[in-house]
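Since the structure comes first, as structure tokens, the remarks are kept for the end.
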Amino acid sequence: MCIPNRNYSYVGGGSVSVLLCPYSTYDWGNTSFINSANYSKKEGNDGITSSSQARIPPSEPMPTGRLWPSHKDHLNVYFMNGSDTEQSQVRRIVRKHYNSLPMRIRFVFLSRGQIDMSDIRVEFTDEDTSWSCIGTDAQFRWGQTTMGLKRHHRRSTEEKTDAITQASILHEFGHALGMRHAHQHPDLKADWDYETLMSHSKWSLKRVRKNYDHDAEGVRNEIWDLPYDPQSIMHYVIRDGDTHNRITMVEKNTVLSDGDKKMLLRRYPKKLEEKETKTGKKRTRGDETGQELLSGPTRKLKILKLSP
């Protein structure tokens, strides 16, 4: 389900026409449009508003791979609908599995009526699948849903239903952080049986290929700097018969793997705090190397080590 083309103009002249889709993983080729904070919404079109313009400073380029930029240390999450039980379950799972990691970015859950402050907007749905915008793509759906969470009806046991729901929530919030499908890693030499996958998922061939192929448009330029991880929360189930070359089957993963955690800590390194012992003034500054930062012979700075 895609949103109609929208034309946005930006200061300096010119415009760009964008097709937005909940399942998209676009590479926005026009970086002069993406990187500028000086866009203006064209008359009569929905989309980017003045509230979202300030989210990316003009001096800071859009990060690659749709990762959130270094000045962002939290993502505001707003529930568009859902019962108290559904919302509470999402908060509990996200806080336990994502907010507990020693990374820079955190999810903050907003109260009703605070949609204008939101980065991520969650809707509970009875559709056939869950979905999420990839990382900063959410900024191009201002005021609209950026994540759909499928309601999982009771299975044979409550424990099984809770595990499936948790897996879905963690997977989609992983996408919200810019994480890609692990089974699209080029080191997984899968010869997919598209007809079987279409039968399981009830998806079109185009959608299957976009979500499975390692050379699909959305992941073609992805930097895979970690090994293939079959235990990743971002990995789809692989059943017997899903591939022609009968690669090892993969069960449903319901928690973040060690590889997922390593990836997130690498993508969002926590800022190191500096203490200026001479004046007692405290500052915070990012330093991904972990080395000491000295700004002169008379100033002593102490680096507070991160938690392991």
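Keep in mind that the numbers below use all heavy atoms, side chains included, and drop hydrogens, waters and symmetry copies.
Residue Asp191 holds its CG atom at 7.0 Å from OG1 of Thr243, rounded to the nearest 0.5 Å. Of the inter-residue distances, the one linking Lys261 atom NZ with Ile233 atom CD1 reads 11.0 Å to the nearest 0.5 angstrom. From Met234, atom CE reaches atom CG of Leu177 across 9.0 Å, with rounding to the nearest 0.5 Å. Atom OG of Ser118 and atom CZ of Phe109 lie 12.5 Å apart (nearest 0.5 Å). The CD atom of Gln166 sits 7.0 Å away from atom CZ of Arg92, with the distance rounded to the nearest 0.5 Å. Within the model, atoms CD of Glu127 and CG of Leu149 stand 11.0 Å from one another, a figure rounded to the nearest 0.5 Å.
At least one side-chain heavy atom of Trp192 sits under 4.5 Å from a side-chain heavy atom of Ile238. Taking 4.5 Å as the limit, every side-chain heavy atom of Tyr268 sits out of range of all side-chain heavy atoms of Leu101. Within the 4.5 Å cutoff, no side-chain heavy atoms of Met147 are placed close to those of Phe124. Side-chain contact between Lys150 and His152 is present, with heavy atoms from C-beta onward closer than 4.5 Å. For the pair Met103 and Pro269, the minimum side-chain heavy-atom distance is 4.5 Å or more. Contact check for Asp215 versus Gln184: no side-chain heavy atoms found under the 4.5 Å cut-off. Under the 4.5 Å side-chain criterion, counting only non-hydrogen atoms from C-beta, His74 is not in contact with Trp68.
One hydrophobic cluster holds both Met117 and Tyr78 under the rule that ILVMFWY side chains link at heavy-atom gaps under 4.5 Å. Linking ILVMFWY residues whenever their side-chain heavy atoms come closer than 4.5 Å, directly or via other members, places Ile105 and Val122 in the same cluster. Under a hydrophobic clustering in which Ile, Leu, Val, Met, Phe, Trp and Tyr are joined whenever their side-chain heavy atoms come within less than 4.5 Å, directly or via other members, Val237 and Trp203 fall into different clusters. Note: the hydrophobic cluster containing Leu188 does not contain Met179 (ILVMFWY, side chain heavy atoms under 4.5 Å, direct or indirect links). Connection of Ile169 to Val108 is not established within any shared hydrophobic cluster, with ILVMFWY side chains joined at heavy-atom distances below 4.5 Å, either directly or through further cluster members.
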Report the C-alpha distance between Tyr228 and His214 in whole Å, list the side-chain angles of each, state the deciding distance to 0.1 Å, and finish with yes or no for side chain to side chain donor-acceptor pair (under 3.5 Å).
CA-CA 12 Å; Tyr228 163 65; His214 69 82; over 6 Å; no
Under the side chain to side chain contact (heavy atoms under 4.5 Å, CB included) criterion, do Ser132 and Thr146 qualify, and how do the steps go?
CA-CA 6 Å; Ser132 176; Thr146 66; 5.8 Å; no
Worked verdict on Asp240 versus Arg246 for side chain to side chain contact (heavy atoms under 4.5 Å, CB included):
CA-CA 7 Å; Asp240 184 29; Arg246 303 290 180 179; 2.9 Å; yes
Under the criterion side chain to side chain contact (heavy atoms under 4.5 Å, CB included), I'd like the reasoning laid out for Met80 against Ile115: C-alpha separation, chi angles, the key distance, then a yes or no.
CA-CA 8 Å; Met80 305 289 277; Ile115 189 172; 3.8 Å; yes
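Nearest heavy atoms, Trp142 versus Arg121: CA-NH2, 3.7 Å. Heavy-atom minimum distance, Gly82 versus Gln87: O-NE2, 3.1 Å. Residues Ile120 and Ala138 approach most closely at CD1-CB, 4.3 Å, considering heavy atoms. Ile247 and Ala190 make their closest contact through CD1-CB, 3.7 Å (heavy atoms, listed as atom of the first residue, atom of the second, distance). The shortest non-hydrogen separation linking Asp162 to Gln89 is OD1-NE2, 3.9 Å. Summarising the geometry of Gln231 relative to Asn253, their closest heavy-atom pair is C-ND2, 3.2 Å, with the distance given to 0.1 Å.
In this structure, Thr165 contributes its side chain and Thr161 its backbone to a donor-acceptor pair below 3.5 Å. No donor-acceptor pair closer than 3.5 Å links the side chain of Ser168 to the backbone N or O of Ile164. In terms of modelled atom types and a separation under 3.5 Å, the side chain of Asp213 and the main chain of Ala216 share no donor-acceptor contact.
No more than 12 heavy atoms of other residues, nucleotides or ligands shown are found within 6.0 angstrom of CG on Asp258. In this structure, Asp126 places its CG atom where more than 12 heavy-atom neighbours from other residues, nucleotides or ligands lie under 6.0 Å away. The environment of CD in Glu251 is sparse: at most 12 heavy-atom neighbours from other residues, nucleotides or ligands sit within 6.0 Å.
Arg151 has a carboxylate O that lies under 4.0 Å from a charged side-chain N of Glu86, or vice versa, which qualifies the two as a salt bridge. Salt-bridge annotation for Arg267 and Asp225: present, with a side-chain N of the basic residue lying under 4.0 Å from a carboxylate O of the acidic one.
Between Tyr212 and the options His235, His183, His200, a ring-ring contact (aromatic ring centres under 6.0 Å, His included) holds for only His183. Among Thr136, Leu110, Leu75, the single residue meeting the side chain to side chain contact (heavy atoms under 4.5 Å, CB included) criterion with Asp119 is Leu75.
Checked by atom type, the side-chain pair Ser232/Asp260 shows a donor-acceptor distance below 3.5 Å. Between the side chains of Asp242 and Tyr194, no donor N or O sits under 3.5 Å from an acceptor N or O. For the residue pair Asp229 / Ser257, a side-chain donor-acceptor distance below 3.5 Å is found, with atom types taken as modelled. If you check the side chains of Arg207 and Ser204, you find no donor sitting under 3.5 Å from an acceptor.
Aromatic ring orientation, Trp224 versus His185: tilted (interplanar angle from 30° to 60°). Note on ring orientation: taking the six-membered ring where Trp is involved, the planes of Phe173 and Phe107 are perpendicular (angle over 60°, cut-offs 30° and 60°).
Residue pairs meeting the side-chain hydrogen bond (donor to acceptor under 3.5 Å, both in side chains) criterion with at least one member in residues 169-179, sequence neighbours excluded, are His171-His175, His171-His181, His175-His181. Listed by first then second residue, pairs satisfying side-chain hydrogen bond (donor to acceptor under 3.5 Å, both in side chains) with a partner in residues 95-108 number zero, not counting sequence neighbours.
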